[in-house]
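I have placed the structure first, in the form of structure tokens, so that the comments after it can refer back to it.
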Amino acid sequence: MIRTTIAGIGGFVLIFIESYIVMLLKGYSTIDFGGMAPFISVWAMNFFFLFSIFTHIKEWHNNREVTQEKSSI
């Protein structure tokens, strides 16, 4: 649940960071996403990107705890 929430909010944050980088590199003053559908598509891409990263971190942390427990026994 926490991964989903953080990925959802982080997806929006990444949209603004990506937009800012494009504006700096291209010299634009505004960015038009072309409507709501392309904006949601970019958000969904960022959401799943972050969700997969957080899932990998969670699995890594769980595996790390298991190996530490085995080594301490």
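Note that the CE atom of M45 and the CG atom of L50 stand 10.5 Å from one another [nearest 0.5 Å]. If you take NZ on K58 and CZ on F54, they are separated by 13.0 Å, rounding to the nearest 0.5 Å. For the atom pair E69 CD and T67 OG1, the distance stands at 9.0 Å (nearest 0.5 Å). Note that CD1 of I6 is 11.5 Å distant from CZ of F47, once rounded to the nearest 0.5 Å.
With a 4.5 Å cut-off between side-chain heavy atoms of Ile, Leu, Val, Met, Phe, Trp and Tyr, the cluster of V66 takes in none.
Residue pairs meeting the side-chain hydrogen bond (donor to acceptor under 3.5 Å, both in side chains) criterion with at least one partner in residues 4-17, sequence neighbours excluded, are absent.
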Name the atoms and distances for all side-chain donor-acceptor pairs under 3.5 Å in residues 20-43, with sequence neighbours left out.
| residue | atom | partner | partner atom | Å |
| --- | --- | --- | --- | --- |
| D32 | OD1 | G34 | N | 3.2 |
| S41 | OG | A37 | O | 3.0 |
| W43 | NE1 | G8 | O | 3.0 |

Enumerate donor-acceptor pairs with a distance under 3.5 Å from any side-chain N or O in residues 10-17 to protein atoms, sequence neighbours excluded.
none

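With sequence neighbours left out, E65 forms a side chain to side chain donor-acceptor pair (under 3.5 Å) with H61. Every residue two or more places apart in sequence or in another chain that forms a side chain to side chain donor-acceptor pair (under 3.5 Å) with T55 is listed here: R3.
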